[in-house]
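Note on naming: letters A, B, ... go to the chains in the order of the sequence lines (proteins, then strands), and numbering restarts at 1 for each one. What you are looking at is a predicted structure, and each value in this text was computed from that prediction instead of being measured.
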Amino acid sequence: MPELPEVETVRLGLARHATGRRIAGVEVLHPRAVRRHAPGGDDFAAVLVGRVVTGVHRRGKYLWLALDSDDALVGHLGMSGQLLFLGAEAPPGPHLRVRFRFADGGPELRFVDQRTFGGMAVSLGGAALPAEIAHIARDPFDPQFDPERVVAALRRRRTGVKRALLDQTLVSGVGNIYADESLWRAGLHGARPTDRLTRPAGRRLLAHVTEVMGEALVQGGTSFDALYVNVNGESGYFDRSLSVYGREGEPCPRCDAVVRREPFMNRSSYFCPRCQPRPRRPSA
DNA sequence: CGCGCCTCCTGTGTGC
DNA sequence: TGCACACAGGAGGCGC
């Protein structure tokens, strides 16, 4: 379940291990991994071979490798995607989807994805910002992120505050884990209607979003199960610092009330019923 | 047009 | 023991 801190951890690894290297070979082992590349897997490979990686960028949960052709190799990890640098002799494993060999003969880049929600595509002319992700809002770590604009947009919405946090066109990078953790820190129930959130409460919430994701990044992200790892296959440690997510039945770290889990959008919401009282007029 | 629900996937865990 | 099912969930797409 990679969200911004996990994707940023992967981006740092890609920047370190891929920048300046020339792609010499691309092998697509599962067509679903390149389903967003409309011209198909053969084209995907053909346009990448011979290109040099000039930089690695991220917006929200999307990553892209800028290429010397001014194109971009765009990737999304979905739920279970991993980008790993491994020697060519390393066994492929059952979930290897795409492999990239480099002209220097060094470690190859592998896209491994158990649940195949992730994927890769080439964006022509997309080195600066792929057109495919232009609809994704700036994330809180973007130098041009404007909290006041986001608070204003949030208050114009007619929905629940958790739904709004998960909407990547409003603010990007937040998924189920950090939404629940931010709401707990802010003392807000996820069903609180956005249009009844005061401006200061909106600012506080965004500050908590930024804070919790920043703390998670320092610890290499959250590895709830073995599916999220960095480019060296290592887990992050932030799961130990989670206050409510995944802690149904445990005491709230702030008030000792029992943390609850409720179904939400085909997934779960975790919250403290005392610190985060349900609004009288909830907004789904 | 905004909102919310459905679907795509597979491995793991649980209950009968 | 084995089967059935819930669950994990990002995001595109579609229906209202």
Taking only side-chain nitrogens and oxygens of [X], does any of them come within less than 4.0 Å of OP1 or OP2 of [N]?
X	N	result
A:Arg157	B:dG2	no
A:Tyr228	C:dA8	no
A:Thr159	B:dG2	no
A:Tyr270	C:dA8	yes
A:Arg158	B:dC3	no

Roughly, in whole Å, what's the span from [atom1] in [X] to [atom2] in [N]?
X	N	atom1	atom2	value
A:Tyr178	C:dG10	OH	C1'	15 Å
A:Glu248	C:dC7	CD	P	10 Å
A:Lys162	B:dG4	NZ	P	14 Å
A:Arg115	C:dC7	CZ	P	14 Å
A:Leu166	B:dC6	CG	C1'	16 Å
A:Gln168	C:dG13	CD	P	15 Å
A:Asp167	B:dC3	CG	P	8 Å
A:Asn266	B:dC5	CG	C1'	8 Å

- [ ] Could you say whether A:His135 or A:Phe117 is positioned toward the 5' end of DNA chain C, judged by the nucleotide with the nearest heavy atom to each?
- [x] A:Phe117
TODO: Starting from the 5' end of DNA chain C, give me the residue, A:Gln114 or A:Glu132, whose nearest nucleotide shows up first.
DONE: A:Gln114
Salt bridge check: are [X] and [Y] linked by an N-O gap of less than 4.0 Å?
X	Y	value
A:Lys162	A:Asp180	yes
A:Asp139	A:Arg58	yes
A:Arg97	A:Asp113	no

Choose from [options] the nucleotide whose nearest atom is closest to any side-chain atom of [X].
X	options	value
A:Arg163	B:dT10, B:dC9, B:dG4	B:dG4
A:Lys61	B:dT10, C:dA11, B:dC6	C:dA11
A:Tyr62	B:dC9, C:dG10, C:dA11	C:dA11

TODO: Work out which heavy atom in A:Ala127 is nearest to a heavy atom in A:His57; give both atom names and the distance.
DONE: O-CD2, 4.3 Å
Open item on the list: Please compare A:Arg156 and A:Arg267 by the position of their nearest nucleotide in DNA chain B and report the one closer to 5'.
Closed with: A:Arg156
Open item on the list: Below 30° counts as parallel, above 60° as perpendicular, anything between as tilted: where do the rings of A:His135 and A:Tyr62 land?
Closed with: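 A:His135 and A:Tyr62: perpendicular rings.
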Open item on the list: When you measure only distances, ignoring hydrogens and angles, does the side chain of A:Arg36 come within 3.5 Å of the base of C:dG12 through a donor and an acceptor?
Closed with: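 Per atom types, no contact qualifies.
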What does [X] touch in the nucleic acid at a heavy-atom separation under 4.0 angstrom: a base, only the sugar-phosphate, or nothing?
X	result
A:Arg261	sugar-phosphate
A:Ser80	nothing
A:Asp113	nothing

Open item on the list: Rounded to the nearest 0.5 Å, what separates atom CD in A:Glu3 from atom OG in A:Ser172?
Closed with: 11.5 Å
